[in-house]
Amino acid sequence: MDPRLLASHYMVKLSRTPITQILARAIHAHILTSGFRPSTFILNRLIDVYCKSSNICYARQLFDEIPKPDIAARTTLVAAYSSMGNIRLAKEVFYATPLRIRDTVSYNSMITAYSRNRDGHSAVRLYKEMRVEGFVPDPFTFASVLSALSLIADQERHCQQLHCEVIKWGVACVVSVCNALMSAYVNCASSPLVLSSSVMAASRTLFDEMEERDELSWTTIVAGYVRNGDLCAGRKLLDGMTEKIVVVWNAMISGYVHHGIYDEAFELFRKMQSMGIKLDEYAYTSIISATSNAGLFRLGRQVHAYILRTELQPSEHFILSVNNALITFYTKHGKLVEAKEIFNKMPIRDLISWNSILSACVNARHIEEANSIFKEMPERSPLAWTVMISGLAQNGFGEEGLKLFNQMKLEGLEPCDYAYAGAITSCAVLGSLDNGQQLHSQLLRLGHDSSLSASNALITMYARCGLVEAAYDVFLTMPYVDSVSWNAMIAALAQHGRGVEAIQLYEQMLKEEILPDRITFLTILSACSHAGLVKEGRHYFDTMCTSYGITPGEDHYARLIDLLCRAGMLLEAKSVTESMPFEPGAPIWEALLAGCRIHGNIDLGIQVAEQLFELMPQHDGTYIILSNMYATLGQWDEVARVRKLMKERGVKKEPGCSWIEVENMVHVFLVDDAVHPEVLSVYRYLEQLVIEMRKLGYVPDTKFVLHDMESEHKEYALSTHSEKLAVVYGIMKLSPGAPIRVFKNLRICGDCHNAFKFISRVVKREIVVRDRKRFHHFKNGECSCGNYW
DNA sequence: GTAGGGTTAG
């Protein structure tokens, strides 16, 4: 075929019909085999097709194969590389183009490339360069360079300078240039050094003085107001509009949702509906998110049903984003099954779908499931890692959380402050102070130390590692705090038996007008409980309802009952259970049973245990407490009966286990340990200690041995308790005078509690023990709990 | 041949 004919044939084909990649390949092949040199027009179209189908390699091949591609082809390629995020190749082509044949369009493309690559400085530099070289900027140049300004510091000054240039080059009346300028001014407001009202005013003046406006002009100004928190100004403009521009409505609705003004969001949504403005995925996702945040389950489900009924041919993008929002909606309302159903039925999923279903599983504490989703994900974004790390930590998987955090770093991903918070929480779970401190110093180095989530995690970490003062330091030096910080600090004091201080801090919180939430009351109730402050606890329980409108949940009642039980008011506690507006569940009975144990009320204990056996027959704690109660009374037949019951039902007792950190290594001891390599020397050291302790009056309290055996053996059994072994190991290994910090998975044993008082005197060191419930600080023969535990 | 707005994940 005659090459010229072929060319015109291509021209027609290329300009009229959408070209598939296959067709492009065919033309490309023909060009190569026939030696036909296509016009720039054809070349550009082909490059464009390849790029739109993500085939940048072919595009470059085409470019390289054709001798001396002209400026238009080069520019197309720069733009293509830019839109695919490959700045390296874009630069290569641009700078290989001789200066004398570059034109304004090639500069525009390169400036955009830098801007897309989030390199605002290079974009601005190139703009200045082109001006020095004498190229004339056009409206596209300004649109490109102005959009790059949001990426650099001192944007306001640059904005004003470019504003002058715009006027100088006579393009101030071009709508697209004005839009870009307005948008640049609006973006300045995100800098803390800029007064948002002044840049918004500059933007508004531009808007008001525009002779003609397009949809984007309206959107830029309204979205600008919304983003900078001036919802009223945005709404005023919206109400005065004659045109119905969907994007503006959507921006307004999302603004209301972000500011928690849900009523207005719903009202606007309904208005859109009644005015016949097409509701698209943006409107729906915002409104679904409103129902998620506002806890409006029924309304959310109605929206869901409405979408299914009315959207008969939804686009792919519509299905994707709406379903993503729905996953979160069902997750936030505790409906994992529904969330999973939506996810499973989705024809296509993106990063957000995967991240949403991952957090759905994490929130529902289905860690196994979350783990397999995490492994299955096609792309693990830093967010997914973060969700997984904090999910593991918050569900007590400290070791796994920390491991994942380290793995994230090994894979070259930079953990954000939330990921650090997860890792720090992992340390809190493990009681790993060394790791926690290292993470703290990393935070300081990275400048993440002002992060709210990381600092809140630090408070908890230091507290759970036994360093209340360090927790306090973090709390006091935080640039701003939220109710989580207050709750964490109050809890820190409460766990360490400093109930009065916890209450004082709570009162301080009220003075600073921070509203307490349900967590605050849980914390303050346990503070009162640990410190034996019955009157105060009752008072706070009442004010929770009367002054703050928080309906006490089962967990609040459980703490109130715990408070009364510890103080020996078992009958009153019992009567509270009867006055509750719901049937008592396991937490209530457990609190009562613990009270019965402390005060040796076996009759009530048996009744309560029966309830618990029914509710959770596989729970070891009930059997243990009951058998221990019989054992203290010497009723060994009954002990045997309970043990037999356990065996029959296949219930296993969680073995006691304690651990201590020495030089960044965690050493674990079990009851009657024979596993730890140095356990023999630990036993020998303990024997010597006991001799010294007896001189000071220590008598092993064998009532804490819960099996029937000779008293000599009982003393031996006591000496094998895991917490004793860990404490002794600490005395042997830690530098002289350093406090001993030991962690135990169960509650501390009574004889160990007594023994540690004596040990603290013999070795003249502070011993800190964290058990399942709280901390004990032993110093000079006394414990911080005042024996009230 | 080049630029530009609104959403959903912690």
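For the residue pair Ser106(A) and Asp103(A), a side-chain donor N or O sits within less than 3.5 Å of a side-chain acceptor on the partner.
Within the nucleic acid shown, Ser183(A) has no heavy atom closer than 4.0 Å to any nucleic acid atom. At a threshold of 4.0 angstrom between heavy atoms, the contacts of Thr75(A) include nucleobase atoms, whether or not backbone atoms are also involved. As judged by a 4.0 angstrom heavy-atom cut-off over every strand, Arg227(A) is placed among residues making no nucleic acid contact. Counting any heavy atom pair closer than 4.0 Å across all strands shown, Asp417(A) reaches no nucleic acid atom. Here Ala180(A) lies out of heavy-atom contact (under 4.0 Å) with every strand. Among the atoms of the strands shown, only primed sugar atoms or phosphate atoms (P, OP1, OP2) are found under 4.0 Å from some heavy atom of Val387(A). Across all strands shown, Asp103(A) has heavy atoms under 4.0 Å from base atoms, whether or not it also approaches the sugar-phosphate.
When each of dG4(B), dT8(B), dG1(B) is scored by its nearest atom to the side-chain atoms of Asn324(A), the top-ranked nucleotide is dT8(B). When the nucleotides dG1(B), dG4(B), dT8(B) are ranked by their closest atom to the side chain of Ala325(A), dT8(B) comes out on top. Considering only the side chain of Ser286(A), dT7(B) comes nearest among dT7(B), dG6(B), dG4(B). Relative to the side chain of Val247(A), the nucleotides dT8(B), dG10(B), dG5(B) differ in distance, and dG5(B) lies closest. Checked against dG4(B), dT7(B), dG6(B), the side chain of Ala223(A) finds its nearest nucleotide in dG6(B). The listed nucleotides are dG10(B), dG4(B), dT8(B); the one nearest the side chain of Ser176(A) is dG4(B). Side chain of Thr328(A), nearest nucleotide from dT8(B), dG6(B), dG1(B): dT8(B). The side chain of Asn108(A) approaches dT2(B) more closely than any other nucleotide in the set dT2(B), dT7(B), dG4(B). Comparing dA9(B), dG6(B), dG4(B) against the side chain of Ala251(A) picks out dG6(B) as the nearest. Of the candidate nucleotides dT8(B), dG5(B), dG1(B), dG1(B) has the atom nearest to the side chain of Thr76(A).
In this structure, Arg349(A) atom CZ and dT8(B) atom C1' are separated by 16 Å, rounded to whole Å. What separates CG of Leu181(A) from P of dA3(B) is a distance of 18 Å, to the nearest Å. Between the CG atom of Asn293(A) and the P atom of dT8(B) there is a distance of 9 Å, given to the nearest Å. In this entry the distance linking CE of Met241(A) with C1' of dG6(B) reads 12 Å, nearest Å. To the nearest angstrom, P of dT8(B) lies 16 Å from CZ of Phe329(A). Rounded to whole Å, the distance from CD1 on Ile319(A) to P on dT7(B) is 21 Å. In this structure, Ile348(A) places its CD1 atom 14 Å from C1' of dT8(B), rounding to the nearest Å.
For Glu411(A) and Arg380(A), the salt-bridge test fails: no basic side-chain N is under 4.0 Å from an acidic carboxylate O.
Ring pair Tyr420(A)/Phe405(A) is perpendicular by interplanar angle, where above 60° counts as perpendicular and below 30° as parallel. Between Phe135(A) and Tyr107(A), the two ring planes are tilted [angle within 30° to 60°].
Asp280(A) places a side-chain N or O within donor-acceptor distance of the main-chain N or O of Tyr282(A), the cut-off being under 3.5 Å.
Of the side-chain N and O atoms in Ser254(A), one or more sit less than 4.0 angstrom from OP1 or OP2 of dT7(B). A close approach under 4.0 Å does occur between a side-chain nitrogen or oxygen of His258(A) and OP1 or OP2 of dT8(B).
In terms of heavy-atom proximity, Ala419(A) sits nearest to Ile389(A) at O-CG2, 4.1 Å.
Stacking of Phe140(A) onto the six-membered ring of dT2(B) is present: less than 5.5 angstrom between centres, less than 30° between planes.
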Given Glu379(A) and Arg349(A), is the salt bridge (charged side-chain N to carboxylate O under 4.0 Å, His left out) satisfied, shown in steps? CA-CA 11 Å; Glu379(A) 186 193 343; Arg349(A) 304 176 182 121; over 6 Å; no

